[in-house]
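To keep things clear, I will list the structure first and then write my remarks on it.
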Amino acid sequence: MPYSIIFFGTADFSTPSLQVLIDDNRFQVKAVVTKRDMKVGRHQDVTKPPVKMLAEKHGIPVLQLDSIKAESSYSTLKRIQGERQIDAYVVVSYGKIISQKVLDLPKHGVINVHGSLLPKHRGASCVQSAIAAGDKETGVTIMLMDAKMDHGPTLAQKTTEIKVDDTGGMVHDRLACIGALLLPDVLADFIEHKIEPIEQSHNEATYCKTLKREDGKIDWSKSADEIERLVRAYDPWPGTYTIKDDKRVKIFKTRTTNNELRTTVSEPGEWVIKDGKLYIACGDGALEILELQPEGKRRMSAKDYLAGQRL
RNA sequence: CGCGGGGUAGAGCAGUUGGCAGCUCGCCAGGCCCAUAACCUGGAGGUCGUAGGUUCAAGUCCUACCCCCGCAA
């Protein structure tokens, strides 16, 4: 008799985990809870969350709850619990806080796959946060959820190195995969009481907020090292940009340089062309710009960009 | 029809009141040099997104459509 699971998830980070649970015959995914379809993209097309598409492909019922906090959501889940005797909820990048009342519903509890080494980088932008902070490694934590954000006791962790050229997208995909591979055994062991949950060291906790586009605006008074990490961390979401001549310019790839340029540059944020290369001055040092995208143009190398500049 | 920018040589861009299709880089050939990604000379490479319209004449003006991108989500 497979364990009955309800899967909560929305973003791309969730899909590998859902996929392995579907494929693993120790489990049966009875339902998938996800956010409402959103208007998305340049033409505001209504698009289903990726998790919903995967669920539908496998004929799994999908619940799109307007608000997980709403009484109606609770009663829906409670009714399912009564009918189906759900063993556990699995929450992966669901994007909403789940109340204790709901967490108490499944027989064994609610487990969460989180993209950082908790207690560090609690919150929504854990992957970006780890890279931006200059951490040498990050990882996946599987934990037992409680009412506080990413606060519950941990069941398992697996680390991965953050390489010097890793982007947020690359680490995100890697962690989604690591989490998915780790999940089934941890979930089964948890239900069978083979794992002792370990309380987090709460005094070592760090937090990160949900990122908005505006967070990608580069503050050139920061050091070149710091900005270089930020550019990588925020690729592809939320991306980094700066304003030049009242136009937005996205910054995709940069390289730190030695500090020689400091003497030739008066002000952080100033653009400097030297030996056919493009630099922007920072608070400490300068950053060579390797790839960028002016507003309305497509992404291009600094070399291509400079070819079109009238000097 | 959510708002906006754009499509011109392989790449990135300029192109004025309609009047010979340009710039930087790259590419090819030759030269200079101990040598070079440096420098000099020469060369190739275009259906100006597509279709139609106005005009003696359209990259340029008008209409429709296609495609790329920024905002927004």
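Below, all heavy atoms of this structure are taken into account, side chains as well, without hydrogens, waters or symmetry copies. Small disclaimer: the values here were computed from a predicted structure and weren't measured. In what follows, every chain begins at residue 1, and chains take the letters A, B, ... in the order their sequences are listed.
Contact between A:Ile162 and A:Asp135 at its shortest, heavy atoms only, is CD1-O, 3.5 Å. Smallest separation of non-hydrogen atoms from A:Ile289 and A:Ala302: O-CB, 3.0 Å. Nearest approach of A:Leu144 to A:Pro197, heavy atoms of both residues: CD2-CG, 4.1 Å.
Spacing between B:rC69 and B:rC1 at atom P, rounded to whole Å, works out to 24 Å. Taking the P atoms as reference points, B:rU41 lies 41 Å from B:rA57, given to the whole Å. When the C1' atom is used for both B:rG7 and B:rG12, the distance is 13 Å, rounded to whole Å. Here the separation of B:rG15 from B:rG6, taken at their C1' atoms, is 16 Å to the nearest Å. Across B:rC61 and B:rA72, the matching P atoms stand 31 Å from one another, rounded to whole Å. Comparing the same atom, P, in B:rG4 and in B:rC48 gives a spacing of 29 Å after rounding to whole Å. Only the C1' atoms considered, B:rA37 is 22 Å distant from B:rA44, to the nearest whole Å. A gap of 7 Å separates the C1' atoms of B:rG49 and B:rC66, to the nearest Å.
In this structure, A:Met300 atom CE and B:rG7 atom C1' are separated by 13 Å, rounded to whole Å. Residue A:Arg299 contributes atom CZ, which lies 18 Å from atom P of B:rA11 at whole-angstrom precision. Atoms CD1 (A:Ile273) and P (B:rU24) sit 16 Å apart, rounded to a whole Å. One atom, CD of A:Gln293, and another, P of B:rC71, lie 8 Å apart when rounded to the nearest Å. Between the CG atom of A:Asp304 and the C1' atom of B:rC25 there is a distance of 8 Å, given to the nearest Å. With rounding to whole Å, A:Lys250 atom NZ is found 12 Å from B:rA72 atom C1'. If you take NZ of A:Lys277 and C1' of B:rC25, they are 16 Å apart, rounded to a whole angstrom. A:Ile243 has its CD1 atom 11 Å from the C1' atom of B:rC71, to the nearest Å.
A close approach under 4.0 Å does not occur between any side-chain nitrogen or oxygen of A:Gln309 and OP1 or OP2 of B:rC13. In terms of phosphate contacts, A:Arg42 brings no side-chain nitrogen or oxygen within less than 4.0 Å of OP1 or OP2 of B:rA73. One finds no side-chain N or O of A:Lys297 lying less than 4.0 angstrom from the OP1 or OP2 phosphate oxygen of B:rG5. The phosphate of B:rG6 (OP1 or OP2) has no side-chain N or O of A:Arg298 nearer than 4.0 angstrom.
A:Lys52 pairs with exactly one of A:Thr34, A:Asp37, A:Thr10 by the side chain to side chain donor-acceptor pair (under 3.5 Å) rule, that one being A:Asp37.
For B:rC27, the paired base is B:rG43 (Watson-Crick or G-U wobble, both distances below 3.5 Å). Pair check for B:rG52 finds B:rC62; Watson-Crick or G-U wobble, both atom distances under 3.5 Å. Applying the Watson-Crick and G-U wobble criteria (two distances, each under 3.5 Å), B:rG70 pairs with B:rC3.
Using a 4.0 Å heavy-atom cutoff across all strands shown, A:Lys303 reaches sugar-phosphate atoms only and no base atom.
Comparing B:rG70, B:rA73, B:rG26 by their nearest atom to the side chain of A:Val40 picks out B:rA73.
Taking the charged nitrogens against the carboxylate oxygens, A:Arg26 and A:Asp24 do have a contact shorter than 4.0 Å, which makes a salt bridge. With respect to the salt-bridge test (charged N to carboxylate O, under 4.0 angstrom), the residues A:Glu291 and A:Arg299 qualify.
Between A:Pro294 and A:Trp237, the one whose closest nucleotide on RNA chain B sits nearer the 5' end is A:Pro294. Along RNA chain B, the nucleotide closest to A:Tyr305 and the one closest to A:Glu214 are compared, and the more 5′ of them pairs with A:Tyr305.
Stacking of A:Lys250 on the aromatic ring of A:Tyr241 is not recorded, the 6.0 Å distance cut-off and the 45° axial limit not both being met.
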